[in-house]
Amino acid sequence: MLAIITGANRGIGLEIARSVLAAGYDVVMACRNVELAAQVRDSLASEFGNVKIEVEKLDLASLQSVSAFAERMLERGRRIDLLMNNAGSLSDRHVTTVDGLD
């Protein structure tokens, strides 16, 4: 079984990753900061033993990044059993993405 979890390198996303790893899923950590996510992946691999955890670059503020991520997932030809769209942010100022979206 395959789970993709956005923002899996901290907070709720990390706890979701722990839960689905414990349930026996392979996990793709879809994160903006792949260096930090790789450190978290290594920690989770140590915590859970021989499990399949991958880190993939995904910046949800960039439609190009979203498209590239989706293409990489399609190329695998593997069914996605769980998709957890967890990533998000809260800002007290107006923020515009690289694509000009609010």
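Heavy atoms only: backbone and side chains are in, while hydrogens, waters and symmetry mates are out.
When every heavy atom of Ile5 is checked against every heavy atom of Ala8, the shortest pair comes out as O-CB, 3.6 Å. Taking each heavy atom of Asn33 and Leu36 in turn, the nearest pair found is OD1-N, 2.9 Å. Counting all heavy atoms, side chain and backbone alike, Asp59 lies closest to Val66 at O-CG2, 4.0 Å. The minimum heavy-atom distance between Leu44 and Ala17, with the atom names listed, is CD1-CB, 4.3 Å. Val20 approaches Ala3 most closely through the heavy-atom pair CG2-CB, 4.2 Å.
Taking 4.0 Å as the cut-off between side-chain N and carboxylate O, Glu56 and Arg76 count as a salt-bridged pair.
Open room surrounds CD1 on Ile12; 12 or fewer heavy atoms of other groups in view lie less than 6.0 Å from it. Counting heavy-atom neighbours within 6.0 Å of Lys52 NZ, excluding the residue itself, gives a total of 12 or less.
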Original post:
So Val51 and Asp26, side-chain contact (heavy atoms from CB on, under 4.5 Å) or not? Walk me through it.
Top reply: CA-CA 7 Å; Val51 294; Asp26 295 341; over 6 Å; no

**OP:** With side-chain contact (heavy atoms from CB on, under 4.5 Å) as the test, would you mind laying out the steps for Leu2 and Leu82 before giving the verdict?
**Re:** CA-CA 6 Å; Leu2 177 64; Leu82 174 67; over 6 Å; no

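Taking CG of Leu58 as the start and CE of Met29 as the end, the distance is 12.5 Å to the nearest 0.5 Å. Atom CG of Asn9 is separated from atom OG of Ser43 by 12.0 Å, given to the nearest 0.5 angstrom.
Side-chain contact check for Ile53 versus Phe48: every heavy-atom pair is 4.5 Å or farther apart. Counting only heavy atoms from C-beta outward, the side chains of Lys57 and Arg72 approach each other to under 4.5 Å. For the pair Ile4/Met73, a side-chain contact is recorded, criterion being any heavy-atom separation below 4.5 Å from C-beta on.
Arg18 meets the side-chain hydrogen bond (donor to acceptor under 3.5 Å, both in side chains) test with Glu15, Glu47; sequence neighbours excluded.
Without hydrogens or angle criteria, Thr6 side chain to Ala30 main chain gives no donor-acceptor distance under 3.5 Å.
Phe69 is not connected to Val98 by any chain of hydrophobic side-chain contacts under 4.5 Å among Ile, Leu, Val, Met, Phe, Trp and Tyr, and they are in different clusters.
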